[in-house]
Amino acid sequence: MTLNDTTEIHQFPCLSDNFGVLVHDSESGTTIAFDVPDSGPYEKALQKKGWTLTHILITHHHWDHVQGLGELKQKTGASVYGPARSRQKIAQLDRFVEDGDHIKCGPYEIKAIATPGHTLDQISWYIPSIRMAHTGDTLFSLGCGRVFEGDKEMMWSSLAKLLQELPDDTNIYCGHEYTEANAAFSLTIEPGNADLKTRAEEVKQLRAGNQPTLPTTMALEKATNPFLRAGEASVAEALGMSGKSAADVFTEIRTRKDNA
């Protein structure tokens, strides 16, 4: 995806259902990788594009996001940024970030947004100048990450933070291609949502052609993703939970997905 005269974003598959993502600025030569599920696909993508990796931004410590980090850092010499809470878990980090910190990678000012729940150290990365965010395993298209280290109220707070921080035109990249399964589940929550039905059909066609369903946009997720829509009265009503808090509605949706 080419976002302006100098920025290109390249997304490619890693492992069985992960994504690799590179952001490149042609003027400065800056190239940023988000997570490293496997070094090989990144090396091939960089070689194919003719890009030199300068920075690696990590969202959280799970193996399928950092498994290839050591090898890729050694081969490229890229600087690695990640959550301060990962300090003892990811040996290759060069710089640590907390919620609200800003870092500079070439021409890009990037904001670290703490979005714990899936893990306690999860950081979502936001680059306002190119309307792009990488939400790791917090926000997926039509879904959200399973809650492993935090609790469901914490995960809802993180999603609510993304709703507040990310404008509608933000292009959302994330860790996994889960959208088709998420669409099927989402329709059990809001079967009457016309936007969701349209999106589910689009996703079905994309996957039938072995095409990615990402990136998505914040606007599209606000209209179709039941996890993000837990604060909508229509969603609470559909679940027979009118008058309940958004956190309670989210907890019910996440529990249903866990048991699906």
Are the side chains of V66 and V36 in contact, using a 4.5 Å heavy-atom criterion? no

Between H134 and W125, does the ring centroid distance fall short of 6.0 Å? no

If you define the side chain from C-beta out and look only at heavy atoms, does anything of D168 sit under 4.5 Å from T217? no

Heavy-atom donor-acceptor pair, T54 side chain to T31 backbone, under 3.5 Å: yes

Within the structure provided, determine whether T216 and N171 are in side-chain contact (heavy-atom separation under 4.5 Å). no

Would a distance-only check, ignoring hydrogens and angles, find a side-chain to backbone donor-acceptor pair under 3.5 Å from Q11 to L214? yes

For T115 and S158, does a side-chain donor sit closer than 3.5 Å to a side-chain acceptor? no

Go through I110 and K104 one step at a time and tell me if the side chain to side chain contact (heavy atoms under 4.5 Å, CB included) criterion holds. CA-CA 6 Å; I110 306 172; K104 199 79 186 290; over 6 Å; no

Any side-chain donor-acceptor pair under 3.5 Å between E221 and S141? yes

May I ask you to decide if the ring planes of H60 and H62 are parallel, tilted or perpendicular, using 30° and 60° as cut-offs? perpendicular

Heavy-atom side-chain proximity of I58 to L93 below 4.5 angstrom: yes

Between the side chains of H61 and E149, does any donor sit under 3.5 Å from an acceptor? yes

Can you check whether I172 reaches P215 side chain to side chain, under 4.5 Å on heavy atoms? no

Is it the case that the ring center of H10 lies less than 6.0 angstrom away from the ring center of H24? no

Would you indicate whether E153, at its atom CD, is surrounded by more than 12 heavy atoms from other residues, nucleotides or ligands within a distance under 6.0 Å? no

Tell me, yes or no, whether the heavy-atom count around K222 atom NZ, taken from other residues, nucleotides or ligands under 6.0 Å, exceeds 12. yes

Picking from Y173, F34, Y42, what satisfies ring pair (Phe, Tyr, Trp, His ring centres under 6.0 Å) with F12? Y42

Counting heavy atoms not belonging to E202, are there more than 12 under 6.0 Å from its CD? yes

What is the minimum heavy-atom distance between C174 and L139, and which atoms define it? CB-O, 3.3 Å

For residues 233-253, the side-chain hydrogen bond (donor to acceptor under 3.5 Å, both in side chains) pairs (sequence neighbours left out) are S245-D248, E252-R256

Just wondering, do E109 and I127 contact through their side chains at under 4.5 Å, heavy atoms? no

Side chains of E177 and T213: donor-acceptor distance under 3.5 Å anywhere? yes

Roughly how far apart are N18 CG and D38 CG, rounded to 0.5 Å? 9.5 Å

Kindly indicate whether the side chain of R254, heavy atoms from C-beta on, has any atom under 4.5 Å from the side chain of M155. no

Checking the side chain of K161 only, and the main-chain atoms of A114 only, is there a donor and an acceptor separated by less than 3.5 Å? yes

Whether D169 side chain and R131 backbone form a donor-acceptor pair below 3.5 Å: no

Please enumerate all residues that pass side chain to side chain donor-acceptor pair (under 3.5 Å) together with T224, with sequence neighbours excluded. none

Face-on cation placement of R95 at Y81 ring, 6.0 Å and 45° thresholds: no

For S186 against P226, the heavy-atom pair lying closest together: OG-CD, 3.2 Å

Donor-acceptor check, side chain of D35 to backbone of P37, threshold 3.5 angstrom: yes or no? no

For E98, does its backbone N or O pair with a side-chain atom of D101 as donor and acceptor, under 3.5 Å? yes

